[in-house]
There are 4 protein chains.
Amino acid sequence: MNVLLDASKKDTKLPAITRAAVALFVTRGVASTTIREIARAAKVAEGTLYRHYESKEDLARDILETSLATFTSFLDRKAREHPSLAGRLRGMSEAFAEAYEDNPDVARFILFSHAAEVARLPKQMRMPRNVVLDILKEAQAAGEIPKDADREMLQAMILGALARVLLAKAYGDLKGGLREKAAEAATWLQRMMGVA
Amino acid sequence: MNVLLDASKKDTKLPAITRAAVALFVTRGVASTTIREIARAAKVAEGTLYRHYESKEDLARDILETSLATFTSFLDRKAREHPSLAGRLRGMSEAFAEAYEDNPDVARFILFSHAAEVARLPKQMRMPRNVVLDILKEAQAAGEIPKDADREMLQAMILGALARVLLAKAYGDLKGGLREKAAEAATWLQRMMGVA
Amino acid sequence: MNVLLDASKKDTKLPAITRAAVALFVTRGVASTTIREIARAAKVAEGTLYRHYESKEDLARDILETSLATFTSFLDRKAREHPSLAGRLRGMSEAFAEAYEDNPDVARFILFSHAAEVARLPKQMRMPRNVVLDILKEAQAAGEIPKDADREMLQAMILGALARVLLAKAYGDLKGGLREKAAEAATWLQRMMGVA
Amino acid sequence: MNVLLDASKKDTKLPAITRAAVALFVTRGVASTTIREIARAAKVAEGTLYRHYESKEDLARDILETSLATFTSFLDRKAREHPSLAGRLRGMSEAFAEAYEDNPDVARFILFSHAAEVARLPKQMRMPRNVVLDILKEAQAAGEIPKDADREMLQAMILGALARVLLAKAYGDLKGGLREKAAEAATWLQRMMGVA
DNA sequence: AATGAATGAGTGTTCATTCAT
DNA sequence: GATGAATGAACACTCATTCAT
């Protein structure tokens with residue numbers, strides 16, 4: 001299954017371009033990556049990029065938007081496979097792990113994009129933040145967590161924690177399988193929320 | 001007190017330059033910020049920047065390195081004002097809040113620098129990560145948290161959570177005073193670690 | 001009758017191409033017109049242009065050369081329908097008007113091509129200038145105009161005047177029918193030459 | 001005296017740029033002239049051009065606008081040195097000659113700019129056309145030419161004739177001094193208008 | 001130390017041309 | 001003949017850096 005980026009287009013050069021672009025974006029940043037580098041990495045002529053995207057910014061924005069939308073709904077789905085907050089924290093943690101396993105570059109690109117890039121996305125776009133906020137709201141309604149808990153802060157803490165665990169994995173700081181780590185992270189989060 | 005960036009130099013134009021640079025770096029990113037923009041914002045001629053720094057990269061690296069070193073030792077100090085893990089989590093949370101209050105731009109620049117920029121720092125440099133790792137080690141030695149807990153993962157979760165709370169504040173998503181939010185965040189972290 | 005451009009080819013896409021090309025050349029200039037624009041305007045694929053012409057320059061040169069040759073002989077014919085200089089001036093003036101009525105774009109393309117484009121035409125090619133020079137020579141031989149009149153200058157004045165009248169018409173500066181204006185212009189030229 | 005282009009700026013590289021640009025524009029056309037060519041011809045770095053002009057189009061427009069404004073008022077002044085239409089035709093003819101002698105490239109650039117370039121000029125800008133129209137109006141008021149003569153057409157004929165004479169000179173088709181030719185052209189125009 | 005005009009390598013982008021279908 | 005995706009050289013333009021003042 002393709003969690004982050006649908007590369008199942010016809011036999012166009014688009015998948016190669018996208019893959020090469022993300023890999024470069026994630027290591028050097030969008031601004032420091034040149035069109036020439038992307039083209040070379042994708043084994044494509046420079047002009048070919050402009051058949052698929054209007055500009056470099058458009059390419060970056062499109063990848064971010066598409067991947068982020070895919071991940072957001074994947075996160076939502078994985079969370080809602082469970083009824084309880086405890087299960088949902090576990091589901092979200094697994095979603096992060098699976099996304100990373102599916103495509104580490106894209107996962108990092110999504111989770112650590114610069115604010116300037118995120119600002120270019122559609123204003124009303126549903127984000128991981130919205131998924132977590134909804135889940136927390138439901139948990140409050142169900143009496144699983146205190147009604148007066150600051151959801152915005154909890155959402156920031158949960159996503160911040162999960163994202164940084166992935167980054168640690170990417171940096172090689174984390175020993176062991178990602179799935180096990182995800183389960184472990186979920187357990188800590190459940191303790192934090194008092195639903196262990 | 002100056003938590004992040006010492007601007008108390010003689011009557012040189014350096015403080016104006018660093019202040020302008022950070023503000024731009026944090027909104028547009030280092031690569032997308034031009035020397036001309038920095039010079040204009042600092043009300044200084046373009047060439048003047050080269051009296052103080054060898055290059056734009058050098059400027060960015062120097063600010064990051066200096067601020068990060070300052071913050072790291074500040075974080076260490078604030079944590080070690082307390083003997084218990086509970087107190088230290090509270091101290092670190094406060095360190096984040098104070099750093100942000102002292103200079104929001106610099107705080108964000110430190111906490112959300114791109115991997116490529118961090119990679120340029122001295123290999124052996126002490127980072128917030130090392131502060132937290134040491135504290136967790138001591139907490140394990142004191143029996144406050146399980147001996148088999150994965151410190152790397154906990155460090156990632158703690159710093160990820162605190163950093164993202166700051167980002168939420170910067171985005172205006174968080175209502176209320178930062179100090180109160182810091183106390184609240186510390187409480188959640190204490191629950192997570194079982195030291196509430 | 002086709003005065004400027006023979007579009008009566010078989011059922012090829014050539015006429016559509018030349019028509020579209022001239023329209024674009026005349027408004028944007030040859031250099032600023034792209035193959036893609038021509039192809040789009042002619043409802044033809046870009047590659048199709050290269051079935052008919054070797055290059056964009058070749059296309060422009062061919063249109064210019066063909067149309068100019070057609071116009072030059074048309075101008076000659078219309079002039080020589082009359083024996084006197086007065087009549088011939090009238091005939092030439094009518095030739096300009098008819099050419100414009102036949103195909104305004106092509107007429108403007110011929111009359112206001114850039115020097116660089118004209119320079120690419122065959123060196124020995126007969127031009128409107130040659131037609132007028134011959135007619136002036138004959139008028140001198142017939143004693144209609146002074147033997148010492150500078151034919152080159154007169155030719156420039158006559159063609160410059162007639163061409164610019166057409167341009168004024170194209171710009172919408174000229175009220176009234178073009179044929180009447182042509183007659184009027186001829187009258188002024190006849191006065192100039194003293195053959196009214 | 002500087003008839004067309006004021007090159008008396010401080011000791012900047014602007015005059016060299018302007019001179020080189022006009023020379024290239026007039027032989028190859030604006031669109032076909034590259035920034036590199038201009039820079040090389042002006043013995044200046046490419047980036048230097050952008051200290052003085054925002055873009056290549058801006059450069060072309062600025063030169064055209066400035067030179068055309070200068071020429072238009074020069075034409076006006078030379079014409080109005082005389083009270084009669086005959087004198088004014090002579091004055092205008094001289095203005096053309098002097099402009100060409102002052103700077104042949106600029107004169108040609110003005111008189112034979114492509115329609116697309118002229119279209120970019122300020123809408124309300126005074127043009128040679130307006131000068132001639134005013135003079136013809138006054139000549140009609142003074143009874144020197146018929147009240148019902150089409151001024152637009154006469155203006156086109158006069159300017160077209162004078163411009164093309166200059167072009168003939170530039171092409172080397174015209175023998176003799178330009179001033180003498182100007183006087184001769186003026187005589188023909190006076191005959192045309194019936195004020196010889 | 002400070003200036004800012006000048007530099008030119010390097011960037012994103014365009015577009016005439018090719019060629020497999 | 002016709003197509004249009006792919007190409008890559010060439011373009012306009014940017015910007016970090018230098019240096020004479």
Side-chain angles (χ1 to χ4, degrees), chain A residues 10-14 17 30-40 42-59, chain B residues 10-14 16-17 31-40 42-59, chain C residues 10-14 16-17 31-40 42-60, chain D residues 10-14 17 31-40 42-59:
Chain A
K10 17 225 119 104
D11 56 317
T12 177
K13 309 233 169 171
L14 210 155
I17 292 173
V30 173
S32 302
T33 301
T34 72
I35 287 284
R36 255 185 259 301
E37 285 172 329
I38 299 172
R40 183 159 309 180
K43 288 185 165 61
V44 154
E46 292 167 49
T48 305
L49 292 183
Y50 292 88
R51 254 175 201 283
H52 301 283
Y53 299 101
E54 286 189 358
S55 66
K56 192 178 79 166
E57 300 307 317
D58 183 47
L59 165 61
Chain B
K10 22 227 116 114
D11 58 2
T12 178
K13 310 233 170 170
L14 210 155
I17 292 174
S32 301
T33 300
T34 70
I35 288 284
R36 181 165 302 174
E37 285 171 328
I38 299 171
R40 192 158 305 177
K43 292 190 161 85
V44 154
E46 293 169 53
T48 305
L49 284 157
Y50 292 86
R51 298 270 147 210
H52 301 281
Y53 298 101
E54 285 188 359
S55 68
K56 191 179 79 165
E57 301 308 317
D58 182 47
L59 164 61
Chain C
K10 25 227 112 116
D11 58 1
T12 179
K13 309 232 168 171
L14 211 154
I17 293 173
S32 301
T33 300
T34 70
I35 288 283
R36 180 164 303 173
E37 285 172 329
I38 299 172
R40 191 158 304 176
K43 292 191 161 91
V44 155
E46 294 170 51
T48 305
L49 284 158
Y50 292 85
R51 298 270 147 211
H52 301 281
Y53 299 102
E54 287 188 359
S55 68
K56 192 178 80 166
E57 301 308 318
D58 182 48
L59 164 61
Chain D
K10 18 224 117 106
D11 55 317
T12 177
K13 310 233 169 170
L14 210 155
I17 293 173
S32 301
T33 301
T34 72
I35 287 285
R36 249 185 265 296
E37 287 172 329
I38 300 172
R40 184 158 310 181
K43 290 187 163 65
V44 155
E46 291 169 49
T48 305
L49 292 182
Y50 292 88
R51 252 172 203 287
H52 301 284
Y53 298 101
E54 286 189 358
S55 66
K56 194 179 80 167
E57 300 307 317
D58 183 48
L59 164 62

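Here is the naming used below: chain letters follow the sequence lines, and residue numbers restart at 1 for every chain.
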Using whole Å, report how far OH of A:Tyr53 lies from P of E:dT14.
-> 17 Å
Between D:Tyr53 and D:Leu14, does a side chain to side chain contact (heavy atoms under 4.5 Å, CB included) hold up when you go through it step by step?
-> CA-CA 10 Å; D:Tyr53 298 101; D:Leu14 210 155; 3.4 Å; yes
Between B:Ser55 and D:Glu57, name the one whose nearest nucleotide on DNA chain F is closer to the 5' end.
-> D:Glu57
On a heavy-atom basis, the closest approach of D:Ala31 and C:Ala31 is CB-CB, 3.6 Å
Atom pairs, N/O to N/O, protein against nucleotides 8-11 of chain F, distance under 3.5 Å?
residue	atom	partner	partner atom	Å
F:dG8	N7	A:Gly47	N	3.4

Closest non-hydrogen atom pair between B:Ile38 and B:Ile17, with its separation = CG2-O, 4.0 Å
Hey, is the side chain of D:Arg51 poking within less than 4.0 Å of OP1 or OP2 on E:dA5, counting only N and O atoms?
-> yes
Are any side-chain N or O atoms of A:Lys56 and backbone N or O atoms of A:Thr33, one a donor and one an acceptor, separated by less than 3.5 Å?
-> yes
All heavy atoms of B:Glu37 vs all of B:Ser32, minimum pair found to be OE1-O, 3.8 Å
In this structure, CG of D:Leu49 is separated from CD1 of D:Ile35 (nearest 0.5 Å) by 5.0 Å
Once you round it to whole Å, what is the distance between P of F:dT17 and CG of B:Leu59?
-> 10 Å
Whole-Å distance between E:dA5 C1' and D:Leu14 CG?
-> 13 Å
Residue closer to the 5' end of DNA chain E, B:Lys43 versus A:Val30 (nearest nucleotide) | B:Lys43
Between CD1 of A:Ile17 and P of E:dT13 the distance, given in whole Å, is 14 Å
Any side-chain N or O of A:His52 less than 4.0 Å from the OP1 or OP2 oxygen of F:dA5?
-> no
Between D:Ile38 (CD1) and F:dA12 (P), how many Å, whole number?
-> 8 Å
On DNA chain F, check which nucleotide each of A:Leu49 and D:Glu54 is closest to and give me the residue with the more 5' one.
-> A:Leu49
Give the nucleotide from the list F:dC13, E:dA5, F:dA16 with an atom nearest to the side chain of B:Tyr50.
-> F:dA16
d(B:Arg40 CZ, B:Glu46 CD) to nearest 0.5 Å is 7.5 Å
Can you give the dot-bracket line for DNA chain E, where a pair is Watson-Crick or G-U wobble with both atom distances under 3.5 Å, crossing pairs use [ ], and | marks a partner on another strand?
-> .||||||||||||||||||||
Minimum heavy-atom distance A:Asp58-A:Glu54, with the two atoms named | OD2-N, 3.0 Å
Closest approach of B:Ala16 and B:Ala42, non-hydrogen atoms and distance?
-> O-CB, 3.5 Å
